[in-house]
Amino acid sequence: RRMLAVINRNPEDEGAFRYMTIGAGVVALGIALSFLVMLVAANWTVHRPLQRLVNRLTGELARDIERRRRAEVKAVAARLEAERLLTFRDNLLSASSSIGIVATDAEGKIQIFNPAAQKLLGYSEAETRGRMSLEDLQRDTLRPPRRGVTLRPVMQPAEAEDYLVDKLGREHLVAISRGPILDGAGKHAGTLVTFIDVTEQRRLEAELQLNELQLIQSAKMASLGEMATGVAHELNQPLNNIGLLSSRMVRLIPQLPEDQQRFFRERLDRIEGQVQRASKIIDHLRAFGRRSATTVEAVVLARPVELVSEMLGEQLRHHGVELRVELPEDLPPVSADEGQLEQVLVNLFV
């Protein structure tokens, strides 16, 4: 079915419709222009400042991120450098096998006690670090030794040297250096002590000095042997002449009166006895001077003792020294060089 509606329109209604259409268009255009103006105004008053604020915040955030990144890079580099220095310090302290290093803080408590110090003094790091003060360590190491031979009678400390006793009571001669530790502001932050064991070095020096003295003494003994040979040769002729003269005088004694014979015989017998004694000493000097090569053989100890006693006994008596020799008769022979035994006895007498 179809419906047909017929609307009656007047000319006035058509004009009103056009008017309303134009009005609506103008209002819509006004609204659009107002909205546009509002957008432009909002852009100038809100959006752009907000955009600038956002840009500024974004820039500050980016710069802060960059600063943080650089700070982290520096922190990582500083940590690596600190680890490198710490490793180097540990390697240095551990590598110093002959130099003992002890360091304290400002209160005097030991904070560093390297392996060389532990080896020399016998204390462990656990016993000293943070527990023992430098004064405690000095008090323990300056006590009298309990083991081994004391070094004081044979080794005199030089400047900056002193005796230390380790935990086991053994004595060492060490060269010590001590100085303060200062912080960045120049204030006292602790004490550093380093020391080196020079006992073996001084022992070698003493042995070298002893060897030099022995060489000098050997040279003196060689010179003494040469001089003894020369003196024996020079004295032998006068003694022979004295012996000959005394023998002639003995043969002339019977021609003297009886009351004088006894007197001269006693004097001449004494002269002959002294000549024989001097001749024996000269023979000993010759033998002493000729012995240079070492010859090991069976030696009766009484022989070198008698020789040296006769050579030096009179000189000792002149110096007020009483010489008394006591040798058992049943001493067995020894395997030695007789000349060296005589030199030993001469050294002891001198």
Side-chain angles (χ1 to χ4, degrees), residues 210 212-350:
L210 179 61
E212 292 177 353
L213 293 176
Q214 289 177 345
L215 288 176
I216 295 173
Q217 185 66 18
S218 298
K220 287 182 179 180
M221 295 303 297
S223 300
L224 179 61
E226 295 177 0
M227 184 179 65
T229 304
V231 170
H233 179 73
E234 293 296 330
L235 291 179
N236 194 42
Q237 188 65 32
L239 285 175
N240 289 334
N241 294 334
I242 294 174
L244 290 174
L245 289 174
S246 64
S247 298
R248 289 179 183 177
M249 293 179 68
V250 168
R251 287 196 298 269
L252 294 175
I253 287 178
Q255 302 177 10
L256 297 175
E258 292 185 4
D259 57 345
Q260 295 182 4
Q261 289 182 13
R262 183 177 179 182
F263 173 80
F264 284 103
R265 190 178 298 277
E266 290 178 356
R267 300 310 187 267
L268 291 174
D269 289 343
R270 191 177 300 175
I271 291 174
E272 286 185 358
Q274 294 297 322
V275 169
Q276 291 177 2
R277 180 176 178 276
S279 298
K280 184 184 273 189
I281 292 175
I282 288 173
D283 293 338
H284 290 332
L285 287 174
R286 284 178 175 175
F288 184 77
R290 284 196 302 265
R291 288 171 184 164
S292 58
T294 301
T295 302
V296 178
E297 56 187 359
V299 178
V300 178
L301 288 178
R303 193 164 58 230
V305 172
E306 181 183 359
L307 184 147
V308 176
S309 301
E310 290 180 352
M311 281 197 304
L312 302 178
E314 190 65 28
Q315 182 181 0
L316 292 175
R317 281 191 292 273
H318 283 312
H319 288 281
V321 178
E322 179 186 356
L323 177 61
R324 185 169 60 249
V325 179
E326 297 179 0
L327 286 177
E329 296 180 357
D330 57 347
L331 280 180
V334 295
S335 210
D337 180 82
E338 188 171 352
Q340 291 185 353
L341 286 178
E342 293 170 2
Q343 288 187 2
V344 169
L345 293 172
V346 169
N347 291 337
L348 290 176
F349 277 123
V350 172

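- The heavy-atom pair separating R303 from A298 by the smallest distance is NH2-O, 4.3 Å.
- Nearest heavy atom pair, residue H319 against residue Q315, reads CD2-O, 3.0 Å.
- Side-chain contact between L341 and L301 is present, with heavy atoms from C-beta onward closer than 4.5 Å.
- Take E329 and apply the salt bridge (Lys or Arg N to Asp or Glu O under 4.0 Å) test, not counting sequence neighbours, and it matches no residue.
- Closest of all the heavy-atom pairs between E342 and V308 is O-CG2, 3.8 Å.
- Among all heavy-atom pairs drawn from S309 and V325, the shortest one is OG-CG2, 3.7 Å.
- Across all non-hydrogen atoms, the minimal contact from V299 to P304 is CG1-CD, 4.2 Å.
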